[in-house]
Structure formats: structure tokens, C-alpha cells
Amino acid sequence: MSDTHDEPEVSAEHQASAPKRARPAPGQRRLEILQALAGMLEDPSGDRVTTAALAKKLAVSEAALYRHFASKAQMFEGLIGFIEDSVLGLVHQVQERESDPLQRCRRVVGLVLQFAQANPGMARVMVGDALLYENARLQERVELLMDKLESSLKQEWRDVAAQAGDPSPTVSAQIRAATLMAFLQGRLLRYCRSGWRRQPSQELDACLHVLLSQ
């Protein structure tokens, strides 16, 4: 009798049932890259994110990143696009659900600050810290978003004056909106520069009560 043993054959059925390495769904890898980038921006040190560090975090090559994004600027554009959709979406929701223009101002500022507090990496993009030494068009796009937000607040203050029957308010809607934006952006900047310790929501209601006093 032979002491040798034949290798067991693997049936076609068993081969078919063997687990296969799942491929990311279309767009999933892009989303993973953006999530990793946003996560790295949450580092309180505020160090500049490089594609080499991003690739290392994702355990892929830099070339793999560039199969999904043409450049690092395009990755940041993806983050800014997410911020735009989120912030302008919040503004739209408030406009749809709140009839009082004064309360709309309060809600818009509060929700934008809450969004930034929940997404520290996005806050760094919103204040421009994360965009230093990056393509200038990125900062221009963020400034455009802030201009849209200020225009929305300006319209709310016009509605406040109209509702009060005051065609010539003592403080113009433009100044009111600019003041609210200065407060909002100042809160975001303080949040980033403090390494996330000084949160935007700190005493927010009391501050807004002062700013929204007519």
C-alpha cells in the first residue's frame, strides 16, 4: 500500500462559493479618499496634507489616488462641493420651514456653525486654513460660498424690515448681514485656531440674541 496521499480535488461548487475580493462600487473609492482627506484635516496641528500622507493613510499608492482625481486641488474641490451642498441645503430648509425672517437668520447661523462643529476638517476648509499653498481658485470658491450665505442673510434682514413696516431701518440689511457673517466666520476661525477646544456653539444663543436685537 502506498504511503502517499493525493491532494483532495476542489469541486467547482466549492470554488464558486469561495469568497471573492469585493470591488468598490463606482464612486465609492472617491468618497473614501474625500473622507480620509477630511479626517486628516481634523488634526489639531494643522499640518498641510500631502498626497503621500493621504495615500499612506489609505494604504494605496499615490498613483491610485490620481486614478480617481486629476490633482489634489480636485480632491479639495470635492470637499468644497460637499460643504456647498450642505450649507446651501441648510439655508433652503430654513427658508422652507421658518416663516419668521428674524428666526431664519438665527437658524441659518446656528445650523452652519453646528455643521462646522460636527465636521472640524470642513471648518478648516471654510476658513481657508486648509487651502494655504493650494490652488488659488479653491479659496475663491469658498469666498463665493460665503458671499452667497451673506446675500441670503441680507435678504432675511430686508424681510425683517418689510415685516415691521420700516422702509428705512436705522441699521441697513447690508450692515446687519455683514455683522452676522463676521461673527460666524470669527467663530469658525477661533474653533480652528484653538485646536477644536473653543466650540462654535459656546454661548451661541446669548450671542445671537445680542446680534439680532432690533
Side-chain angles (χ1 to χ4, degrees), residues 17-97 107-149 152 184-185 187-189 191-197 199-201:
S17 64
K20 295 181 181 179
R21 187 176 180 181
R23 289 186 177 183
Q28 180 180 339
R29 179 60 74 181
R30 286 174 61 91
L31 179 60
E32 290 173 353
I33 292 171
L34 293 180
Q35 288 174 333
L37 175 57
M40 294 181 74
L41 291 174
E42 294 182 10
D43 184 347
S45 68
D47 291 340
R48 185 185 183 196
V49 175
T50 64
T51 52
L54 181 58
K56 183 178 180 181
K57 183 175 180 66
L58 288 164
V60 299
S61 67
E62 287 187 72
L65 297 180
Y66 291 121
R67 283 198 290 271
H68 300 280
F69 294 94
S71 63
K72 186 165 71 164
Q74 195 175 84
M75 298 176 200
F76 273 108
E77 285 180 334
L79 284 185
I80 295 172
F82 175 80
I83 294 169
E84 287 175 339
D85 291 345
S86 300
V87 169
L88 298 180
L90 289 172
V91 171
H92 180 70
Q93 287 180 20
V94 171
Q95 290 171 338
E96 288 288 316
R97 300 174 183 176
R107 292 281 292 161
V108 164
V109 173
L111 287 173
V112 171
L113 290 177
Q114 288 170 16
F115 166 79
Q117 182 170 309
N119 300 278
M122 304 293 184
R124 282 191 64 202
V125 175
M126 293 168 76
V127 300
D129 277 9
L131 305 178
L132 293 175
Y133 312 113
E134 304 295 344
N135 193 301
R137 75 173 183 271
L138 298 173
Q139 185 62 59
E140 291 170 0
R141 187 168 169 183
V142 170
E143 289 173 0
L144 180 59
L145 170 61
M146 293 302 169
D147 287 345
K148 289 179 180 179
L149 187 55
S152 176
L184 186 153
Q185 291 177 295
R187 282 268 163 148
L188 293 179
L189 189 61
Y191 183 45
C192 296
R193 299 290 168 84
S194 70
W196 321 127
R197 291 187 303 276
Q199 299 189 339
S201 61

(message) Show the nearest heavy-atom pair for residues Ser152 and Val91, with the distance to one decimal.
(response) OG-CG1, 3.4 Å

(message) Checking Lys148 now: which residues fulfil side chain to side chain contact (heavy atoms under 4.5 Å, CB included) with it, not counting sequence neighbours?
(response) Leu88, Leu144

(message) Going by salt bridge (Lys or Arg N to Asp or Glu O under 4.0 Å), name the residues that satisfy it together with Glu143, two or more places apart in sequence or in a different chain.
(response) none

(request) Output the distance between atom OG (Ser71) and atom CG (Leu65), rounded to the nearest 0.5 Å. (result) 11.5 Å

(request) Please list all pairs passing the salt bridge (charged side-chain N to carboxylate O under 4.0 Å, His left out) test where one or both residues lie in residues 44-53, with sequence neighbours left out. (result) Arg48-Glu134

(message) For a quick test of reading the model, state the closest non-hydrogen atom pair linking Gly195 to Pro44 and the distance between them.
(response) CA-CB, 4.1 Å

(message) On a heavy-atom basis, which atom in Pro120 and which in Glu42 lie closest, and how many Å separate them?
(response) CD-OE2, 3.8 Å

(message) Counting C-beta onward and ignoring hydrogens, is there a side-chain heavy-atom pair between Arg107 and Leu90 closer than 4.5 Å?
(response) no

(message) Which residues pass the salt bridge (Lys or Arg N to Asp or Glu O under 4.0 Å) test with Arg193, not counting sequence neighbours?
(response) Asp129

(request) Before giving the answer on side chain to side chain contact (heavy atoms under 4.5 Å, CB included), spell out for Gln95 and Val108 the whole-Å C-alpha distance, their side-chain angles and the decisive distance to 0.1 Å. (result) CA-CA 9 Å; Gln95 290 171 338; Val108 164; 6.0 Å; no

(request) Report yes if some heavy atom in the side chain of Gln185 is under 4.5 Å from a heavy atom in the side chain of Val127; otherwise report no. (result) no

Give the table of side-chain donor-acceptor pairs shorter than 3.5 Å for residues 111-118, with sequence neighbours excluded, one pair per line with atom names and distance.
| residue | atom | partner | partner atom | Å |
| --- | --- | --- | --- | --- |
| Gln117 | OE1 | Ser201 | N | 3.1 |
| Gln117 | OE1 | Ser201 | OG | 2.9 |
| Gln117 | NE2 | Gln199 | OE1 | 3.2 |
| Gln117 | NE2 | Ser201 | OG | 3.3 |

(request) Using the test salt bridge (Lys or Arg N to Asp or Glu O under 4.0 Å), find all partners of Asp43 that sit at least two apart in sequence or belong to another chain. (result) none

(request) Give the minimum heavy-atom separation between His68 and Gln74, together with the two atoms involved. (result) O-OE1, 4.0 Å

(request) Provide the full list of salt bridge (charged side-chain N to carboxylate O under 4.0 Å, His left out) pairs with a residue in residues 86-96, sequence neighbours left out, each pair given once. (result) none

Under 3.5 Å, which donor-acceptor pairs do the side chains of residues 57-64 form with other protein atoms, sequence neighbours left out?
| residue | atom | partner | partner atom | Å |
| --- | --- | --- | --- | --- |
| Ser61 | OG | Ala64 | N | 3.1 |
| Glu62 | OE1 | Thr51 | OG1 | 2.7 |

(request) With rounding to the nearest 0.5 Å, note down the distance linking CG in Leu189 to CG in Leu184. (result) 11.5 Å

(request) Report yes if some heavy atom in the side chain of Ile80 is under 4.5 Å from a heavy atom in the side chain of Leu145; otherwise report no. (result) no

(request) Please report the shortest heavy-atom distance between Phe82 and Met122, naming the atom on each side. (result) CD2-CE, 3.5 Å

(request) Using a 4.5 Å cut-off on heavy atoms from C-beta on, say whether the side chain of Val109 contacts that of Arg187. (result) no

(message) Which residues pass the side chain to side chain donor-acceptor pair (under 3.5 Å) test with Glu77, not counting sequence neighbours?
(response) Arg137

(request) Only pairs at least two apart or in different chains count here, so list each salt bridge (charged side-chain N to carboxylate O under 4.0 Å, His left out) that has a residue in residues 79-90. (result) Glu84-Arg141

(request) State which residues pass ring pair (Phe, Tyr, Trp, His ring centres under 6.0 Å) with Tyr191; sequence neighbours excluded, sorted by chain then number. (result) Trp196

(message) To the closest 0.5 Å, what do you measure between CE (Met126) and CG (Leu131)?
(response) 11.5 Å

(message) Any non-hydrogen side-chain atom of Phe69 less than 4.5 Å from a side-chain atom of Leu37?
(response) no

(request) Search all heavy atoms of Ile33 against all heavy atoms of Met75 and return the closest pair with its distance. (result) CG2-SD, 4.2 Å

